[in-house]
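Okay, so here's the structure we're looking at.
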Amino acid sequence: MRLASLFVVLCGMLTTVAAAQWPQPDPRPRYHFAPARNWMNDPNGLVWYGGEYHLFYQYNPHGDRWGHMSWGHAVSRDLVTWEELPLAIPETDVMAFSGSAVVDRRNTSGFGRAGKPAMVAIYTGFDPVTKNQSQYAAYSNDRGRTFTPYGKVLDIGSSEFRDPKVFWHDDTHRWVMIAVRAIENRATIYTSPDLKHWTHASDFGPAGARGKNWECPDLFELPVANGRPGEKRWVLSVSQGDNGPGGGSGGQWFVGSFDGTRFTLEPDWSGEPHWMDAGADFYAAVSWNDVPDGRRIWIGWANDWRYANDIPTYPARGLMTVPRVLSLRRDGSDWRVVQAPVRELDSHHGPIRQIDHIRLTATPTPLPLPGDSADATMTIDPLDAKQIVLTLSDAQGYQTLVGYTPATREVFIDRTRSGPHFHDAFADRHVARLPSGTGSVTLRLLIDRSIIELYAADGTRTITDRFYPGKGPLTWAASTTGGSADISRLSIAAIDPAASARRQ
């Protein structure tokens with residue numbers, strides 16, 4: 001969530017003519033969520049309730065660029081197939097900026113009815129006249145279908161105080177809110193007994209990477225996968241408006257402890273930024289509250305604020321990533337957040353095809369990957385190749401590259417020639433360095449018409465990038481430079497939730 005500037009609007013007007021000439025791709029992804037039309041940005045109010053995963057999101061009901069911010073709403077029973085519902089929290093005298101939702105099972109707020117808990121949304125209300133940003137509450141007694149406004153619950157007189165994430169803290173038996181003092185690059189923590197009255201507890205930051213603002217914080221506990229039995233740590237995540245790993249907006253995270261009042265960094269924590277994703281299109285990631293099996297699952301907005309208003313899609317402008325399950329791993333003296341697509345995605349696979357030992361040389365070898373919608377896992381033995389490149393091509397000759405460079409242990413996505421030009425900041429190459437070692441590497445690729453999500457090193461490295469090809473079908477080929485390589489195993493499945501629903 002951020003304010004639209006006059007500069008962005010004017011730039012958008014200048015690029016409208018060029019974008020109109022774009023060979024428009026089908027804007028409807030197969031298994032990533034996008035609204036039917038109009039603008040969408042940050043995921044909001046993620047909560048599980050009544051057998052449904054609720055995905056609220058920043059939405060403009062009146063157009064396909066940022067403005068009139070309200071809460072859109074979609075629900076899913078499997079995190080893959082989504083039903084878009086009517087607007088949940090509309091713009092009033094204030095815009096409904098980003099925030100979170102909780103189920104008040106103890107009825108601390110008194111909003112519950114007939115013995116059933118209310119769903120309570122806590123969000124930032126932005127007054128376009130005074131520029132004030134303060135925190136508001138609204139509640140729902142019909143599973144999030146409609147909300148009753150309660151009003152303002154926290155105001156510190158700031159124009160840069162936003163994006164509350166709220167959760168119940170068992171040890172202190174109270175609600176916790178983490179929000180941001182955006183331009184200070186600071187996360188701020190409040191506590192409450194009832195979701196209505198909030199007390200300041202502590203602040204965190206600046207730390208790690210700095211930018212023009214911090215946004216969309218989250219705070220949650222994860223087990224340490226390779227730690228002692230029962231060992232856990234808290235993770236604080238925050239998005240950043242610029243200076244991210246892809247050059248624009250991005251997200252970072254920190255590991256430490258939380259006592260219900262203060263987040264404290266892990267001893268000897270490296271001052272270097274720990275990025276959520278090495279690509280350009282993973283922003284505002286926040287996690288679901290109350291997932292019944294205890295998994296910590298987050299989702300990100302697949303876009304970058306540098307060009308978000310200009311991406312060449314119609315009638316919708318905005319896309320979410322696949323929901324990802326998180327775990328935490330100690331990596332020597334450092335830490336890694338591990339990300340993996342939710343297992344529910346597997347139930348929407350078509351027939352799985354497996355191929356062993358595809359020899360790669362400088363001559364491109366066609367790969368039997370579905371061009372526009374696939375889940376592919378491949379193990380690559382680099383042999384003596386200097387680089388291995390997977391090329392996704394359209395009928396007009398535009399190409400998006402996915403590759404691995406053994407000497408530097410780097411995986412990359414290169415979209416410098418992925419489609420017609422629409423914004424100067426888009427064409428780029430994004431790199432993630434794998435742990436030191438030799439031999440084979442395993443990559444998992446999720447492809448869905450205009451997005452690639454790359455998972456490597458057991459999910460400790462990810463690259464998420466949009467691409468916007470020209471006309472015609474998409475095809476894959478693989479080649480090498482400086483020698484030969486071997487795809488020792490390739491596992492491929494098309495993903496089409498609509499088709500899987502028909503099979504059932």
Side-chain angles (χ1 to χ4, degrees), residues 2 7-8 11-12 14-15 18-19 22-23 25 32 41 209-212 239-252 272-285 300-313 317-321 339 387-394 396-405 407-434 443 445-457 461-470 474 476 479 481:
R2 56 174 285 177
F7 175 77
V8 169
C11 287
L14 292 173
T15 58
W22 187 285
H32 289 71
N41 58 289
R210 277 77 157 174
K212 62 185 175 184
S239 289
Q240 183 171 302
D242 63 354
N243 295 331
S249 48
Q252 59 177 323
E272 292 299 312
H274 290 61
W275 296 110
M276 299 176 187
D277 191 281
D281 295 310
F282 189 79
Y283 193 70
W301 177 48
N303 218 330
D304 186 306
W305 275 117
R306 292 173 297 176
Y307 46 74
N309 278 280
D310 300 315
I311 59 173
T313 61
R317 185 173 270 134
L319 186 71
M320 296 297 179
T321 66
Q339 304 182 66
Q387 192 169 84
I388 299 94
V389 176
L390 312 176
T391 303
L392 177 62
S393 303
D394 65 27
Q396 293 183 294
Y398 294 110
Q399 296 181 334
T400 302
L401 311 180
V402 179
Y404 172 57
T405 307
T408 57
R409 297 282 291 174
E410 290 177 337
V411 292
F412 63 86
I413 295 178
D414 185 333
R415 61 184 191 187
T416 54
R417 297 179 292 113
S418 68
H421 177 272
F422 74 94
H423 195 286
D424 288 346
F426 185 79
D428 209 344
R429 182 177 184 268
H430 303 127
V431 176
R433 178 163 291 182
L434 305 185
L443 309 180
L445 294 174
L446 300 182
I447 306 104
D448 192 5
R449 294 191 167 173
S450 67
I451 184 171
I452 297 177
E453 298 186 38
L454 168 63
Y455 300 80
R461 275 74 169 172
T462 62
I463 305 176
T464 303
D465 274 338
R466 300 292 302 273
F467 66 101
Y468 303 99
L474 299 174
W476 285 91
S479 61
T481 58

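Positions are given from 1 along the sequence.
- The closest donor-acceptor contact from the side chain of Asp277 to the backbone of Phe282 lies at 3.5 Å or more, if one exists at all.
- Judged by distance alone, the side chain of Glu453 and the main-chain N or O of Thr321 form no donor-acceptor pair under 3.5 Å.
- Atoms NE2 and CG, on His32 and Asp448 in that order, are 5.5 Å from each other to the nearest 0.5 Å.
- The shortest non-hydrogen separation linking Ala209 to Pro273 is CB-CG, 3.7 Å.
- Glu410 contributes atom CD, which lies 9.5 Å from atom OH of Tyr404 (distance to the nearest 0.5 angstrom).
- Here the closest heavy-atom approach between residue Ala280 and residue Arg306 is recorded as CB-NH2, 4.1 Å.
- Of the N and O atoms on the side chains of Asp281 and Tyr307, at least one donor lies less than 3.5 Å from an acceptor on the other residue.
- Asp242 contributes a side-chain N or O that, together with a main-chain N or O of Lys212, makes up a donor-acceptor pair within less than 3.5 Å.
- Legend: residues meeting side-chain contact (heavy atoms from CB on, under 4.5 Å) with Thr391, ordered by chain and number and at least two apart, are Val389, Ser393, Gln399, Leu401.
- One distance of note links OH of Tyr468 with NE2 of His423; it measures 12.0 Å at 0.5 Å rounding.
- With 3.5 Å as the limit, one finds a donor-acceptor pair spanning the side chains of Gln387 and Thr405.
- For Ala308, the side-chain contact (heavy atoms from CB on, under 4.5 Å) criterion is met by Trp39, Trp301, Asn303, Trp305, not counting sequence neighbours.
- Closest of all the heavy-atom pairs between Arg429 and Asp414 is CD-OD2, 3.8 Å.
- Both tests do not hold together for Arg415 against Phe467: distance to the six-membered ring centre under 6.0 Å, angle to the ring axis within 45°.
- Nearest approach of Gly250 to Trp275, heavy atoms of both residues: C-CZ3, 4.5 Å.
- Rounding to the nearest 0.5 Å gives a distance of 10.0 Å between CD1 of Ile447 and CG of Leu474.
- Residues Thr408 and Val431 are not in side-chain contact: their nearest non-hydrogen atoms beyond the backbone lie 4.5 Å or more apart.
- Between the Ser418 side chain and the Thr400 main chain, no donor and acceptor come within less than 3.5 Å of each other.
- Here the CG atom belonging to Asp304 is positioned 12.0 Å from the OG1 atom belonging to Thr464, to the nearest 0.5 angstrom.
- No side-chain donor from either of Tyr455 and Arg461 sits under 3.5 Å from a side-chain acceptor of the other.
- Minimum interatomic distance between Asn243 and Gly211 (heavy atoms only, all atoms of both residues): ND2-CA, 3.9 Å.
- Atom CG in Leu443 sits 5.5 Å away from atom CG in Leu454 (nearest 0.5 Å).
- The two residues Ser239 and Ala284 make their nearest non-hydrogen contact at OG-N, 2.9 Å.
- Listed for the Arg317 side chain is a donor-acceptor partner under 3.5 Å among the backbone atoms of Ile311.
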